[in-house]
Amino acid sequence: MTGLVLYNTRTRTREAFEPIESGHARVYSCGPTVYAPQHIGNLRPYLMADLLRRALEAEGLRVTHVINITDVGHLTDDADAGEDKIESAAAKSGRTAAEIAALYTEQWKNDRRRVGCLEASVYCKATDHIAEQIALAKRLEAKGYTYRIDDGLYFDTAKFPRYTEFARLDLAGQESGARIADVPGKRHSADFALWKLPAPAVQRQQEWDSPWGRGFPGWHLECSAMSTKYLGAPFDVHTGGVDHIPVHHTNEIAQSECALDVHPWVRFWIHNEFYDLGGEKISKSKGHVLVLQDLVDRGFEPLAFRYFFLQGHYRQQQAFTIDAMEAAATGYRRLLGVAVQVRDAAERPDDAVISAYRARFREAVRDDLNAPRALAVAWEVARGADLGAAEKRALLLEFDGFLGLDLASATPRTAVAESDPRIDGLVAERESARRRKDFAAADRVRDALAAEGIVIEDTPAGPRWRRT
RNA sequence: GGCGGCGUAGCCAAGUGGUAAGGCAUGGGACUGCAAAUCCCUGAUCCCCGGUUCGAAUCCGGGCGCCGCCUCCA
């Protein structure tokens with residue numbers, strides 16, 4: 001039995017986590033649709049999944065973590081009537097669908113890396129698994145869960161009595177309306193496409209032959225097909241944003257449970273809430289959504305964004321503002337400062353002193369991945385007057401296995417990170433002026449450097465400088 | 001309109017029955033020629049009203065406000 005307790009959307013309760021297969025946790029995370037840059041809010045699901053993965057490993061489990069990459073079939077709305085996001089982006093940019101997907105997949109992977117997410121065991125693309133998706137749809141068809149209309153092959157949600165259970169949907173309240181009219185022939189508004197056939201006049205870049213005609217897979221299908229391929233069924237944890245509960249995850253469950261005869265198909269469903277980006281949704285400087293690189297351009301370290309993330313609980317909306325980001329960056333810089341100070345401390349900490357902090361940190365992690373509480377314990381350690389350098393070092397490095405803030409290889413952010421002959425010369429000039437008590441001259445140099453964004457810090461070891 | 005979430009010090013936020021974690025900012029102090037950096041100290045009774053309870057930020061009811069998803073309809 002692990003000590004980890006997670007909030008499970010499926011049961012709407014907190015449950016002790018125990019893997020189906022002893023010693024091995026199988027996790028699937030809904031990944032990005034790679035048609036545009038991912039704004040910083042889209043990083044939250046992966047940061048949350050990363051926390052989960054680290055917590056599972058801390059329990060001594062081997063983790064197989066699969067993340068899908070949606071590079072086809074995700075429509076611009078959930079009514080099965082919109083355009084394919086990838087095709088649409090390709091058409092607008094003059095690039096091919098494959099180029100669009102490759103470009104934004106790389107950006108996304110790079111962003112993940114920069115905010116300290118561990119690499120997934122498997123990244124799987126929808127377009128690499130067309131055969132698996134077709135096989136799954138055929139299985140559903142053979143079992144009588146589908147029907148065909150001009151638009152494609154559809155899943156008949158009425159054939160799956162548990163359909164509304166997961167999201168606690170009130171379908172009656174949504175039954176009527178435009179969604180049915182959008183796709184002629186749909187039997188129920190909630191029915192969804194397994195395989196889509198393009199309209200007669202439409203020429204698509206991404207098309208495949210299938211038993212139902214040349215077309216492309218419905219968005220939901222890939223997650224069922226690929227998770228089954230890489231994790232089997234049932235498996236332990238499925239993660240994603242809360243927005244996926246009513247449609248995407250509901251449909252995944254319907255497909256999978258009907259095709260595979262499993263229930264529950266997934267034991268734990270973990271969903272993250274969103275950031276409230278408020279007025280920061282758009283990057284003013286560039287006129288597009290706020291992406292990680294925009295923060296970097298403003299002088300923030302990517303891991304400072306991770307620190308921001310850690311300050312809130314993943315199931316809680318969190319307000320992102322530049323002010324909050326600056327506060328996080330300052331906190332992160334100072335925490336790193338402590339890590340640097342104790343970096344060369346002795347290897348032999350006093351276990352008796354350490355154990356209480358270790359226990360409290362672990363308790364926070366195990367309590368539904370309570371990162372803010374874990375971070376608070378880290379700060380108590382950092383500031384703790386009752387702890388020596390060896391104890392601080394040992395604890396902070398251990399905690400960083402969960403926090404992922406790179407405390408181990410921390411370099412002092414307040415020190416000189418670069419060398420410049422001209423600036424070094426000016427700093428030396430100021431130093432000699434100070435020695436002969438010519439403070440007016442010394443301050444002139446300091447002011448001049450400040451004007452170009454360079455600040456001088458005097459330390460017992462002499463002056464040093466950094467850019468702000 | 002339906003569903004879900006939230007409203008805790010200036011800001012970001014933990015905390016779900018027993019007298020409010022942590023970070024940032026502010027103010028004070030130490031250090032400094034003065035600064036910067038760093039360190040120490042420093043603040044809230046928890047949106048409003050009513051109820052349950054010996055006791056509620058934490059449970060119940062009613063307001064007000066905000067966010068998200070679905071929907072435009074009974």
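Since the model is a prediction, treat every value here as computed from it, not as a measurement. Note on naming: letters A, B, ... go to the chains in the order of the sequence lines (proteins, then strands), and numbering restarts at 1 for each one. Every heavy atom of this structure was used, including side-chain atoms; hydrogens, water molecules and symmetry mates were not.
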Is there a side chain to side chain donor-acceptor pair (under 3.5 Å) between A:E252 and A:H238 once you walk through the steps? CA-CA 11 Å; A:E252 278 186 49; A:H238 195 309; 2.7 Å; yes
Tell me: CZ of A:R315 to P of B:G5, nearest whole Å? 10 Å
B:G33 P sits how many Å from A:F439 CZ, rounded? 7 Å
Using a 4.0 Å heavy-atom cut-off across all strands, classify A:R446 as base, sugar-phosphate, or nothing. base
Using whole Å, what does the distance between atom C1' of nucleotide B:C24 and atom CG of A:D323 come to? 10 Å
Considering only the C1' atoms, how many Å lie between B:C24 and B:U58, rounded to the nearest integer? 26 Å
Using the side-chain heavy atoms of A:E380, tell me which of these nucleotides is nearest: B:A21, B:C67, B:G33. B:A21
Length of the line joining A:E431:CD and B:C34:C1', which is rounded to integer Å: 14 Å
P gap between B:G23 and B:U42, integer Å: 12 Å
Tell me what A:E326 touches on the nucleic acid: a base, only sugar-phosphate, or nothing, going by heavy atoms under 4.0 Å. nothing
For the pair made of CZ in A:F308 and C1' in B:G22, what is the distance, rounded to whole Å? 15 Å
Tell me if the side-chain of A:Q317 makes a donor-acceptor pair with the base of B:C67, cut-off 3.5 Å, by modelled atom types. yes
Is there a Watson-Crick or G-U wobble partner for B:G65 with both distances under 3.5 Å, and which nucleotide is it? B:C6
Would you check if the distance from the ring center of A:H244 to the ring center of A:W219 is below 6.0 Å? yes
Ring centres under 6.0 Å, that's the criterion: do A:W269 and A:F166 meet it? yes
Do A:K186 side-chain atoms and A:D191 backbone N/O form a donor-acceptor pair below 3.5 Å? yes
Between A:F155 and A:Y163 (judged by ring centroids, cut-off 6.0 Å), do the two rings come close enough to count as a pair? no
How close or far is atom P of B:G7 from atom NE2 of A:H313, stated in whole angstroms? 13 Å
Counting any heavy atom closer than 4.0 Å, what does A:A376 reach on the DNA or RNA strands: base, sugar-phosphate only, or nothing? base
Closest heavy-atom contact between A:S227 and A:Y28? CB-CD1, 3.5 Å
Between A:P246 and A:A324, which residue's closest nucleotide on RNA chain B lies nearer the 5′ terminus? A:A324
If you look at every strand shown and take non-hydrogen atoms under 4.0 Å, does A:F274 touch a base, only sugar-phosphate, or nothing? sugar-phosphate
With the side chain of A:Q311 defined as its heavy atoms from C-beta on, choose the nearest nucleotide among B:G22, B:C24, B:C6. B:G22
For RNA chain B, whose closest nucleotide is more 5', that of A:L375 or that of A:A167? A:A167
Looking at A:R333, does any N or O in its side chain come under 4.0 Å of the phosphate oxygens OP1/OP2 on B:U38? yes
Taking donor-acceptor contacts at under 3.5 Å, does the side chain of A:D443 reach the base of B:G33? yes
Classify the nucleic acid contact of A:P372 as base, sugar-phosphate or nothing, counting any heavy atom under 4.0 Å across all strands shown. base
What is the distance, rounded to the nearest whole Å, between atom NE2 of A:H248 and atom P of B:C69? 16 Å
Taking a pair to mean Watson-Crick or G-U wobble geometry with both distances below 3.5 Å, B:U38 pairs with B:A30
Within this structure, what is the CZ-to-C1' distance between A:R444 and B:A35, rounded to whole angstrom? 17 Å
Side chain of A:R334 only, heavy atoms from C-beta on: which candidate in B:U38, B:G33, B:A14 is closest? B:U38
Taking any strand in view, what nucleotide pairs with B:C46 in a Watson-Crick or G-U wobble way, both distances under 3.5 Å? none
Of the listed nucleotides (B:C67, B:G22, B:G33), which one gets closest to any side-chain atom of A:A442? B:G33
Distance, C1' atom - from B:G7 to B:U16, rounded to whole angstrom: 16 Å
Classify the nucleic acid contact of A:N370 as base, sugar-phosphate or nothing, counting any heavy atom under 4.0 Å across all strands shown. sugar-phosphate
Measure from the ring center of A:H220 to the ring center of A:H249 and say whether it is less than 6.0 Å. no
For B:G55, give the paired nucleotide (Watson-Crick: N1-N3 plus N6-O4 or O6-N4; G-U: N1-O2 and O6-N3; both under 3.5 Å), or none. none
For a quick check of understanding: with a heavy-atom distance under 4.0 Å over all strands, which category does A:R430 fall into, base, sugar-phosphate or nothing? base
Does A:R434 reach a base, just sugar-phosphate, or nothing at all? Heavy atoms under 4.0 Å. base
